[in-house]
Peer 1: 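First, the structure itself, so that you have it in front of you.
Since this is a predicted model, take the numbers as computed values, not measurements. All ligand and atom numbering here is 1-based and tracks the order in the structure. When a residue number appears, it is its place in the shown sequence, counting from 1.
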Amino acid sequence: MEYSAKVMDHFMNPRNMGQIEDADGVGTVGNAKCGDIMKIYLDIDENGIVQDAKFKTFGCGAAVATSSMATELVKGKSVDEAMDVTNKAVMEALDGLPPVKVHCSCLAEEAIHAALWDYCEKNGRKIEGLKKPVNDIDELHG
Ligand code: FES
């Protein structure tokens, strides 16, 4: 399996690893098949701009790399623009992923969506096109 230099860089030197205390949105998602879990924290200001993003990922190298890139891409965006950080956008930014690792980027998209969903619920907001992610496991893991 061949990984791009960017995937290796984000795997070896992940950006934004950690957590945000009292984050405005937190999303935890899991993939039942591989068992990997991804948690994303968003700090969102009163204008709906993502000021900071952090992640904790218990999973494969591609899951770490896609979490790292997804948090980088989402920073500075409005919550509506954050919807553009799709798994495709994350994969493109990483110069691609091997086919068996595409689902890892989907987990990153779902984790962002779960965090945005949490933010919307806490703040009575709606984001065009946002649905509650099916793999949201906040209920199970707190
Ligand atoms: Fe499942 Fe990477 S192998 S997220």
Peer 1: For the pair R15 and D9, find out whether any cationic side-chain nitrogen is under 4.0 Å from an anionic carboxylate oxygen.
Peer 2: yes

Peer 1: Would you say D95 and S4 are linked by a side-chain donor-acceptor pair, where the criterion is simply a distance under 3.5 Å?
Peer 2: no

Peer 1: Hey, can you pull the donor-acceptor pairs under 3.5 Å for the side chains in residues 56-67, sequence neighbours left out?
Peer 2:
residue : atom : partner : partner atom : Å
K56     : NZ   : Q19     : OE1          : 2.4
T57     : OG1  : S67     : OG           : 2.7
T66     : OG1  : A62     : O            : 2.9
T66     : OG1  : A63     : O            : 3.1
T66     : OG1  : C104    : O            : 3.3
S67     : OG   : A63     : O            : 2.6

Peer 1: Find the distance between SG (C120) and NZ (K126) and round it off to the nearest 0.5 Å.
Peer 2: 9.0 Å

Peer 1: What protein N/O/S atoms are there under 2.8 Å from atom 2 (Fe) of ligand 1, waters excluded?
Peer 2: C60 SG, C104 SG

Peer 1: State yes or no: do W117 and I127 share one hydrophobic cluster built from I, L, V, M, F, W and Y residues joined by side-chain heavy-atom distances below 4.5 Å, directly or via other members?
Peer 2: yes

Peer 1: State, without any angle test, whether D45 and Q51 hold a side-chain donor-acceptor pair at a distance under 3.5 Å.
Peer 2: yes

